[in-house]
Each structure stands twice: as structure tokens, then as C-alpha cells.
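Below: one structure, written as C-alpha cells.
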2 protein chains.
Amino acid sequence: MSKTKETSTNFENKQLLIQCCSEVYAIEMISGQWILSILYGLVGGKLRYGELRKRIPEITERMLTLQLRKLESNGLVKRTVYAEVPPRVEYELTPSALKLTPILKQLKDWGEQHKEVME
Amino acid sequence: MSKTKETSTNFENKQLLIQCCSEVYAIEMISGQWILSILYGLVGGKLRYGELRKRIPEITERMLTLQLRKLESNGLVKRTVYAEVPPRVEYELTPSALKLTPILKQLKDWGEQHKEVME
DNA sequence: CTCATTACTTACATTTTTGTATGTACCATA
DNA sequence: TATGGTACATACAAAAATGTAAGTAATGAG
């Protein structure tokens, strides 16, 4: 009982943190081993599942699916299923995700500067 | 043997990804449950360990220490130890971390907009 | 000698994330 | 009937992140 309670309290704290603090919220959305690779894969336009997989050779199907679902439920990626056989599913960035890309560019620039400072 | 090799390969892939891709590098630096809370805690100026802890009531000492070490080794926080008893240790943001804060602000703004889009 | 203060460290447990391997549904084609 | 292509799902395992609880070193105050 106390175990369960503590755990749920921790979880609630985390949720609270994510909700109340928009930076945390934003970073939650772009964190995850493969999220950025997928976002960058889709910057050029919509891609099918298999095409995306080819662009990120190291990713496993399981991880690609999981991360795409996360991106979809977070409103960064739109998923379109065509009722065909074999199935065809296309993924594309949402307008909101497109607005995020210049900020990622800045993060990238900062990262490069910071690397030099650090050497 | 094959286990070990695969594991080390995965790790090397991750390291490679972090090294070659500055966005990933940057996001690695700011990801972690408490990293942002700590950065924001220090935006106002240097703080002692105990003061920082008071500003982030939910954090445990272990986590605060771990994350501060990560921030320090990543060059985002400077740690100064005074040879006193009881010990006094002060933490402050590096110039590089200060340059990061406007980008975090943008992430925050994006997060807020995105929340509204999502509701 | 005992206690308080500060900034930790250490051992261990739990939770979350990521990886591996295999299976599935659909139907057209051979 | 068997095979192939596509986009997954599922069970299980390993690794990484986070949490809990307790201990430590140094020394000045009482």
C-alpha cells in the first residue's frame, strides 16, 4: 500500500512537473534515443514506414514503431493509413513540429560552439 | 563474447550519434529528470548545495549530486569548493550554459503554443 | 566526549527505456 | 497451396535512470 502510494506520488510529481513547466514539456517531447533522427528524416516530406527505416539503419522496427507512436500522440507526427494490401502508411511532420525545427537548429549551433569551448 | 560485442557496438553507435550530431549532443546535455530544475535554480546566480536543494524540494541528495556532476562534466556548471568546516560548495552556471538559456526560453514558448494546439 | 552541520558516498531496489527474436494479418501472385 | 511484401505486435531480456536508506569525514561548540 505504501509502496503503491509512493510510486503514484512520484509519478504525479513528474506529471505535474511536465505540465507546469513548458520547457520540461518540450524536452520530454524531443527526448528519446531516436526522436531526432525520425524528425530529421521527415523534414524533407512525408515518408512511408519502410522508407524511414532505411534512413535510420540502426533502428529496430520495434523502436521505430514505439517512437512514431510517441511522436503521433504528442502531436508532432501525422500518421496516414491507406487501406491497401500490402499496407501503406505514411508519416509526416505536423505544423507544430515544423515550428520546432528552427529551435533545434539553434540547439545544434549551440552544441557546436559548446563542443569547441569544451575541447 | 558476442553479447559483449553487441553491447559495446550499441554503445559505440550511441556515442557516435551524440558526437556526430550536435542536436543530439545538446539534448543529451539537457535531458535528465532534474537538469532543467537545476539550471533554472542557478539562473539567478551561484548557490550552495543546500540552497539548491531547498529550491528543488522533491529532489533527493543522491540525484542532486549526480546531476550536478553531470552538468559539471558537461561544462554547464562550475563547482567551487571552499576548504572550510563544515564544507561549503558553490555552484554556478558557466558562460556556455548562460548562452543556452534563451534557447530554453524558446523551447518553453513553443511548448506553450503546442499545448494549446493539442488540447 | 558528544553533537550538530554540510556535502556528500555507498549499497541496494525499483522503474523506465531500449533491445532481441519471433509471430501476425492481409491479399496478390506463382 | 505456398510465397512475398508491408507494417506492425508480442514476449522476454538487458541496460540505464531514478529512488531509498543509511553511512561518512571534518571540526568547532557545548
Side-chain angles (χ1 to χ4, degrees), chain A residues 2-15 17-18 24 27-38 46-72 77 79-91, chain B residues 2-15 17-18 24 27-38 46-72 77 79-91:
Chain A
S2 73
K3 278 267 170 84
T4 315
K5 195 171 180 189
E6 284 175 338
T7 306
S8 91
T9 305
N10 286 339
F11 180 69
E12 281 158 19
N13 278 344
K14 187 174 179 183
Q15 289 303 104
L17 206 64
I18 293 171
V24 176
I27 287 176
E28 273 287 309
M29 309 215 122
I30 56 178
S31 53
Q33 185 68 62
W34 304 102
I35 295 293
L36 287 186
S37 305
I38 295 172
K46 58 175 66 170
L47 286 180
R48 297 181 61 175
Y49 180 85
E51 293 169 330
L52 249 184
R53 203 167 40 125
K54 275 175 216 150
R55 303 228 175 168
I56 314 170
E58 314 91 356
I59 201 172
T60 63
E61 299 198 330
R62 177 181 137 81
M63 270 301 121
L64 182 53
T65 304
L66 281 179
Q67 305 284 48
L68 281 170
R69 291 296 140 82
K70 175 180 175 181
L71 286 165
E72 193 193 359
V77 157
R79 178 171 180 262
T80 312
V81 183
Y82 297 88
E84 304 174 357
V85 169
R88 182 159 64 99
V89 182
E90 286 184 346
Y91 293 93
Chain B
S2 73
K3 278 269 173 81
T4 316
K5 195 174 180 187
E6 283 174 340
T7 306
S8 90
T9 304
N10 286 339
F11 181 69
E12 280 158 19
N13 279 344
K14 187 173 179 184
Q15 288 303 104
L17 206 64
I18 294 172
V24 177
I27 286 175
E28 272 288 309
M29 309 215 124
I30 56 179
S31 52
Q33 185 69 61
W34 304 103
I35 294 293
L36 287 186
S37 305
I38 295 173
K46 58 176 66 170
L47 287 180
R48 295 180 62 174
Y49 180 86
E51 293 168 330
L52 206 41
R53 202 166 41 124
K54 274 176 219 149
R55 304 228 176 169
I56 315 170
E58 314 91 357
I59 202 171
T60 63
E61 299 199 329
R62 177 182 136 83
M63 271 302 120
L64 182 53
T65 304
L66 281 179
Q67 305 283 50
L68 282 170
R69 292 294 141 82
K70 175 182 174 180
L71 286 164
E72 193 192 358
V77 157
R79 178 172 180 261
T80 313
V81 184
Y82 297 88
E84 301 174 359
V85 169
R88 182 161 63 101
V89 181
E90 286 183 346
Y91 293 92

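Bear in mind that the values here come from a model prediction, so they are computed numbers and not experimental data. Quick note on labels: first sequence line is chain A, next is B, and so on, each numbered from 1.
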What integer distance in Å separates [X]:[atom1] from [N]:[atom2]?
X     : N      : atom1 : atom2 : value
B:L66 : D:dA16 : CG    : C1'   : 12 Å
B:Y49 : D:dT24 : OH    : P     : 18 Å
A:E84 : C:dA28 : CD    : C1'   : 13 Å
B:R88 : D:dA25 : CZ    : P     : 23 Å
B:M63 : C:dT15 : CE    : P     : 15 Å
B:I59 : D:dA21 : CD1   : C1'   : 17 Å
A:I30 : C:dT17 : CD1   : C1'   : 17 Å
B:R62 : D:dG23 : CZ    : P     : 17 Å

Within less than 4.0 Å of OP1 or OP2 of [N], is there a side-chain N or O belonging to [X]?
X     : N      : value
B:Q67 : D:dA17 : no
A:R48 : D:dA7  : yes
B:R53 : C:dC8  : no

- prompt: Can you name the closest pair of heavy atoms from B:M29 and B:K70 and give their distance?
  reply: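 In this case the closest contact between B:M29 and B:K70 is O-CE, 4.3 Å.
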message: The criterion is side-chain hydrogen bond (donor to acceptor under 3.5 Å, both in side chains); which residues satisfy it with B:E90, sequence neighbours excluded?
response: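 By the side-chain hydrogen bond (donor to acceptor under 3.5 Å, both in side chains) rule, B:E90 matches B:Y82, B:R88.
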message: Just to be sure I understand the rule, does A:Y82 reach a base, reach only the sugar-phosphate, or reach nothing, if contact means heavy atoms closer than 4.0 Å?
response: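 The residue A:Y82 makes no contact with any strand.
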- request: Among C:dT18, D:dA9, C:dA7, find the nucleotide with the atom closest to the side chain of A:T65.
  value: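 Nucleotide nearest to A:T65's side chain: D:dA9.
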task: Consider the side chain of B:Q33, meaning its heavy atoms from C-beta on, and name the nucleotide among D:dC8, D:dT18, C:dC8 that approaches it most closely.
output: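 Nearest listed nucleotide: D:dT18.
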- prompt: Hey, mind stepping through A:I35 and B:I27 against side-chain contact (heavy atoms from CB on, under 4.5 Å) and telling me if it holds?
  reply: CA-CA 11 Å; A:I35 295 293; B:I27 286 175; over 6 Å; no
query: In terms of the nearest nucleotide of DNA chain C, which residue is placed more toward the 5' end: A:T60 or B:R79?
result: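 Of the two residues, B:R79 wins.
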- request: Find which nucleotide of DNA chain C each of B:E61 and A:V85 is nearest to by heavy atoms, and output the residue with the more 5' nucleotide.
  value: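 Taking each residue's closest nucleotide, the earlier one in sequence belongs to B:E61.
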- request: Before giving the answer on side-chain contact (heavy atoms from CB on, under 4.5 Å), spell out for A:I38 and A:Y91 the whole-Å C-alpha distance, their side-chain angles and the decisive distance to 0.1 Å.
  value: CA-CA 10 Å; A:I38 295 172; A:Y91 293 93; over 6 Å; no
Degree of bending in the helix from C:dC1-D:dG30 to C:dA30-D:dT1 once both end axes are built from five pairs, to 10°: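 For the helix from C:dC1-D:dG30 to C:dA30-D:dT1, the axes at either end differ by 30°.
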task: State, yes or no, whether a side-chain contact exists between A:T65 and A:M63 at a heavy-atom distance under 4.5 Å.
output: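 No, their side chains stay 4.5 Å or more apart.
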query: Can you list the steps and then say if B:L52 with B:K54 is a side-chain contact (heavy atoms from CB on, under 4.5 Å)?
result: CA-CA 5 Å; B:L52 206 41; B:K54 274 176 219 149; over 6 Å; no
query: Partners of A:E51 by side chain to side chain contact (heavy atoms under 4.5 Å, CB included), sequence neighbours excluded?
result: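 Only A:L47, A:R48 meet the side chain to side chain contact (heavy atoms under 4.5 Å, CB included) criterion with A:E51.
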